[in-house]
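Computed from a predicted structure; not experimentally measured. Hydrogens, waters and symmetry mates play no part in the numbers below; they use all other heavy atoms, side chains included.
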2 protein chains.
Amino acid sequence: MDRFMEAAIGEAKTGLAEGGIPIGSVLVRDGRIIGRGHNRRVQEGDPIKHAEIDCLMQAGRVKDFRSTVLYSTLMPCYLCAGAVVQFGIPKVIVGEARTFSGAGDFMGEHKVEVIVLDLPECSEMMARFVRENPDLWNEDIGIVS
Amino acid sequence: MDRFMEAAIGEAKTGLAEGGIPIGSVLVRDGRIIGRGHNRRVQEGDPIKHAEIDCLMQAGRVKDFRSTVLYSTLMPCYLCAGAVVQFGIPKVIVGEARTFSGAGDFMGEHKVEVIVLDLPECSEMMARFVRENPDLWNEDIGIVS
């Protein structure tokens with residue numbers, strides 16, 4: 001498997017082990033990981049700390065995102081897709097979009113190249129988590145039950 | 001003036017005094033401020049810490065955003081508008097959209113009510129900052145010079 005997606009999956013597993021939502025992300029430039037993160041809503045009580053956001057915070061002031069690629073184990077939501085569009089990240093590689101269709105169309109409309117790998121490892125980990133913790137997941141994407 | 005917008009302007013001024021970009025935001029529910037923040041990119045070296053994001057982080061796990069109103073001294077960009085759309089914040093009150101047109105249309109398409117107060121106090125503060133610090137501002141919205 002793509003070693004960057006492997007690193008993103010590693011982040012997701014770290015999040016799961018911490019009791020959090022298993023979504024991971026890395027930011028890559030010139031074949032090197034320059035940021036990594038995972039969803040930390042549960043761990044830090046912070047609704048903004050989606051995996052991609054945590055990753056971009058950790059990458060810091062990149063300034064020019066035109067040669068970066070963002071990896072995420074799950075299709076980004078509007079919050080994370082908004083960051084991609086605003087900062088001009090041209091390419092997003094996604095582990096799966098089965099458990100959450102997210103904001104793929106929105107990124108496409110803004111000329112972001114979105115590649116979905118459709119990896120069973122990602123969708124099975126996420127599907128299990130959502131089945132066992134529906135309230136936590138719904139809160140993460142703003143669904144009020 | 002609306003006391004909540006006054007509080008957002010206060011946050012923007014705090015940011016300016018810290019050497020940062022003068023944009024402030026508050027989140028209101030039931031006539032009470034439940035989160036406040038300002039842009040902290042310069043102060044913390046964090047590109048994600050736009051005013052609205054800082055405000056939402058500070059508000060924490062609100063869970064149900066349907067009765068909240070987000071105030072910002074400047075029209076939100078796609079990152080912050082993405083958070084509004086994803087979390088289901090139904091109303092955004094904006095100080096000005098003269099210096100940056102942002103993602104107002106995107107929020108409108110997603111049924112967010114966006115009210116622009118067009119306050120000279122907000123646009124003059126922002127225009128002065130952009131004039132004196134064009135590189136910092138362009139970095140904030142992902143424009144590469």
Side-chain angles (χ1 to χ4, degrees), chain A residues 21 25 27 34-35 37 40-68 75-90 100 102-103 105-107 109-110 112 135-136 138-145, chain B residues 21 25 27 34-35 37 40-68 75-90 100 102-103 105-107 109-110 112 135-136 138-145:
Chain A
I21 301 171
S25 175
L27 186 69
I34 60 170
R40 295 181 194 267
R41 160 190 291 269
V42 174
Q43 296 92 315
E44 299 185 9
D46 185 342
I48 296 293
K49 288 271 187 80
H50 282 197
E52 302 88 332
I53 296 294
D54 186 47
C55 169
L56 291 170
M57 293 182 98
Q58 208 253 320
R61 289 173 66 175
V62 172
K63 294 187 180 174
D64 187 348
F65 286 88
R66 285 176 301 187
S67 58
T68 62
M75 179 63 84
C77 76
Y78 279 108
L79 163 63
C80 303
V84 166
V85 167
Q86 191 64 49
F87 295 152
I89 296 173
F100 179 60
D105 291 347
F106 164 69
M107 289 188 284
E109 286 161 18
H110 286 270
V112 178
D135 291 348
L136 268 181
N138 285 339
E139 184 189 338
D140 210 55
I141 51 172
I143 293 175
V144 182
S145 48
Chain B
I21 302 171
S25 175
L27 186 68
I34 59 169
R40 295 180 194 268
R41 161 189 291 269
V42 174
Q43 296 92 316
E44 298 185 9
D46 186 342
I48 296 292
K49 286 273 186 78
H50 281 195
E52 301 88 331
I53 296 293
D54 186 46
C55 170
L56 291 170
M57 293 182 97
Q58 208 253 320
R61 290 173 65 176
V62 171
K63 294 187 180 176
D64 186 349
F65 286 89
R66 285 177 300 187
S67 56
T68 62
M75 179 63 83
C77 77
Y78 279 108
L79 163 63
C80 303
V84 166
V85 167
Q86 191 64 50
F87 295 153
I89 297 172
F100 179 59
D105 290 348
F106 165 70
M107 289 189 283
E109 286 161 18
H110 287 269
V112 178
D135 292 347
L136 269 181
N138 286 339
E139 184 189 338
D140 209 56
I141 51 172
I143 293 174
V144 182
S145 49

Residue pair A:Met57 / B:Asp46: nearest heavy atoms and the distance that separates them:
CE-OD2, 2.8 Å

Give me the ring orientation class for A:Phe106 and B:Tyr78: parallel if the planes are under 30° apart, tilted from 30 to 60°, perpendicular past 60°.
tilted

Which atoms form the tightest heavy-atom contact between B:Leu136 and A:Arg61, and what is the distance?
CD2-NH2, 3.5 Å

Using every non-hydrogen atom in the two residues, find where A:Ile48 and B:Phe87 come nearest and quote the distance to one decimal.
CD1-CE1, 3.9 Å

Quick one: list whatever passes salt bridge (charged side-chain N to carboxylate O under 4.0 Å, His left out) with B:Asp64, sequence neighbours left out.
B:Arg66

For the side chain to side chain contact (heavy atoms under 4.5 Å, CB included) test, which of A:Leu56, A:Ile53, A:Val84, A:Val85 pairs with B:Leu79?
A:Ile53

Picking from B:Glu139, B:Arg41, B:His50, B:Gln58, which has the most non-hydrogen pairs under 4.5 angstrom with chain A?
B:Glu139

Interchain contact, A:Ala81 with chain B, by part (heavy-atom threshold 4.5 Å)
neither

Ranking B:Glu44, B:His110, B:Lys49 by heavy-atom pairs under 4.5 Å to chain A gives rank one to B:His110

Kindly indicate, with the supporting measurements, whether the criterion side-chain contact (heavy atoms from CB on, under 4.5 Å) is fulfilled by B:Val144 and A:Lys63.
CA-CA 7 Å; B:Val144 182; A:Lys63 294 187 180 174; over 6 Å; no

Can you see which heavy atom on B:Pro47 is nearest to which on A:Gly60, and at what distance?
CG-O, 3.3 Å

